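Because the structure is predicted, anything quoted here is derived from the model rather than measured. All heavy atoms count here, side chains included; hydrogens, waters and symmetry mates do not. Letters go in sequence order (proteins before strands), and every chain restarts at 1.
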2 protein chains.
Amino acid sequence: MAVTSIKIDLIGENQSLKARAYEALKSAITNMNIYDADAQLKLDERDLSARFGISRTPLREALAQLDQEGLVKVVARRGIFIVRKTKAEVLDMITVWAALEGMAARLACSAASADDIAALHRLVDDYGQDEVAMRLGEYSDANITFHQAILSLSGNPLIQGIADSLFLHVRAIRNRTIIEQDRAKRSVADHKEIIEALEARDPDRAERLVREHTMKLRDHVERFVDID
Amino acid sequence: MAVTSIKIDLIGENQSLKARAYEALKSAITNMNIYDADAQLKLDERDLSARFGISRTPLREALAQLDQEGLVKVVARRGIFIVRKTKAEVLDMITVWAALEGMAARLACSAASADDIAALHRLVDDYGQDEVAMRLGEYSDANITFHQAILSLSGNPLIQGIADSLFLHVRAIRNRTIIEQDRAKRSVADHKEIIEALEARDPDRAERLVREHTMKLRDHVERFVDID
DNA sequence: CTCCGGCATCTGGTATACCAGATACCGAAC
DNA sequence: GTTCGGTATCTGGTATACCAGATGCCGGAG
């Protein structure tokens, strides 16, 4: 039979205008430095709808969704404001993250396959003792991938979903936390220990290591990040 | 000076139509038995807007919010459907709940005052050995209050917020889980142990007890609740 | 110069009309 | 009787117009 593969247009933007506006706004907001003193924090419905070339209706629905997620705050007859998270809120988010990823590690001990756990090595081993090769920006990406892998290995999609939404907010202060060589080295060491615990199928240890690792980040932010 | 207290109308419904529609729909959906075979799971925008006496616009925004929370699913040109959670999803929710409340107990060991912890006794001690007096419906309420108290004692509002939204969904299957005398008794015993751990300011033990307690519920649902 | 009040304007909230895809019903063809 | 196709209808998506509260400018009174 003739294998005539039809190029179906799934790549093209056939989503609703609301969905497209939502993605565009979310991307714009999460990528801007909202903590800069001169950051533009106020949005205007009519202006935005004109920019996107859509009417206010779908745009409003997108903004309402962002409002619920806590990225913006819609105030009747006042305006729409990009939300600056307080330091306390960020710390609380990291704490919840610690609880979720800890549970994920616990679950992974019984849910993850040996292959899945072995694959974690690839995200850590490259950053062994060679501090020079450890480009910090690159490590930052590998670090995120490592943690998301653990969340994924739990086999509980809800954990991953909640953690993702939290990460969205914590990201905003990421630009303000400088990763030092020393902290990165300890981070790599922590990750190796975590993999060991997973390989040993020791849920209590895996949970504790992951939780303490994330809480170290919490303490670091509490001490050295200055927002508010 | 004359103490003329002005009765400000805060009780009256001065909220937006969207907010009122949202509350009304949320209440209606979470209180109905969506797992009944003959439950009406489809909604219609025009019909609802006529019932509420509002236009489709604010109603749609309320529905969009419920959609994001996972209570309904809006499908373009098909309809709006009340979502039945699968058993796997409910189990995942309870697992996340266990992680959150475990972390809450851990935090409470350092954040809660002695008075706050002492107040927990009131929610448990009444249901001592007197099984006859232990009215199961009444216990169910006290049980919920106890767990929400622990979430609150963590001092982390985010934990409480996420747990609340999870509870909204788990509630739907509550009607289908019969609380037996025996399980309730063991639950009370667990609660007493948890209070002890909090009083001893033992975060590891408090976390473990709370987590295991909630995971018992998870196992119970997995074994005895039949949905899907 | 300062303060106050009213009106122009801005801005999110709501109502309404229209659009297009999806569905269901019905009748014709076989 | 079955199947196919077309059309009426249903339903969520979008555009537009209007509403009312909030803000701020501006001029007059003191």
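Between B:His213 and B:His147, the angle of the ring planes stays under 30°, which puts this pair in the parallel group of the 30/60° scheme.
The residue B:Leu43 sits close only to the backbone: its heavy atoms come under 4.0 Å of sugar-phosphate atoms, none of a base. Here A:Leu63 lies out of heavy-atom contact (under 4.0 Å) with every strand.
A donor-acceptor distance shorter than 3.5 angstrom exists from the side chain of B:Thr214 to the backbone of B:Val210, with no hydrogens or angles considered. Proximity of a side-chain donor or acceptor of B:Asn33 to a complementary backbone N or O of B:Tyr35 within less than 3.5 Å is not detected.
For A:Glu222, the side-chain hydrogen bond (donor to acceptor under 3.5 Å, both in side chains) partners at least two apart in sequence or on another chain are A:Arg218. Every residue two or more places apart in sequence or in another chain was checked for a side-chain hydrogen bond (donor to acceptor under 3.5 Å, both in side chains) with A:His169, and none qualifies. Partners of A:Asp115 under the side-chain hydrogen bond (donor to acceptor under 3.5 Å, both in side chains) rule, at least two apart in sequence or in another chain, do not exist in this structure. Qualifying side-chain contact (heavy atoms from CB on, under 4.5 Å) partners for B:Gln68, counting only residues two or more places apart in sequence or in other chains: A:Gln65, A:Gln68, A:Glu69. Taking the side-chain contact (heavy atoms from CB on, under 4.5 Å) definition, one finds that B:Ala206 meets it with B:Ala105, B:Cys109, B:Ala197, B:Leu198, sequence neighbours left out.
Note on residues 88-108 of chain B: pairs passing salt bridge (Lys or Arg N to Asp or Glu O under 4.0 Å), not counting sequence neighbours, are B:Arg106-B:Asp204, B:Arg106-B:Glu207. Sorted by first and then second residue, the salt bridge (Lys or Arg N to Asp or Glu O under 4.0 Å) pairs with a member in residues 57-66 of chain B read A:Arg60-B:Glu61, A:Glu61-B:Arg60, B:Glu45-B:Arg60; sequence neighbours excluded. Residue pairs satisfying the salt bridge (Lys or Arg N to Asp or Glu O under 4.0 Å) criterion with at least one member in residues 148-162 of chain B, sequence neighbours excluded, are absent.
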- Please lay out, stage by stage, how A:Leu25 and A:Leu59 fare under the test side chain to side chain contact (heavy atoms under 4.5 Å, CB included). CA-CA 10 Å; A:Leu25 287 170; A:Leu59 179 75; 4.0 Å; yes
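Contacts between residues 45-54 of chain B and DNA chain D, defined by a heavy-atom separation below 4.0 Å, involve B:Glu45, B:Arg46, listed by number.
Contact footprint of chain B on DNA chain D: nucleotides with an atom under 4.0 Å from a non-hydrogen protein atom, first to last in 5' to 3' order, D:dT11 to D:dT14.
In terms of position along DNA chain D, the nucleotide closest to A:Pro58 lies nearer the 5' end than the nucleotide closest to the other residue of the pair A:Pro58 and A:Arg78.
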Taking N or O atoms only and anything under 3.5 Å, show me the protein contacts with nucleotides 6-10 of chain C, one pair per line.
none

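Comparing the local axis fitted to the first five base pairs of the helix from C:dC1-D:dG30 to C:dC30-D:dG1 with the one fitted to its last five gives a bend of 10°, rounded to 10°.
The environment of CG in B:Asp36 is crowded: more than 12 heavy-atom neighbours from other residues, nucleotides or ligands sit within 6.0 Å.
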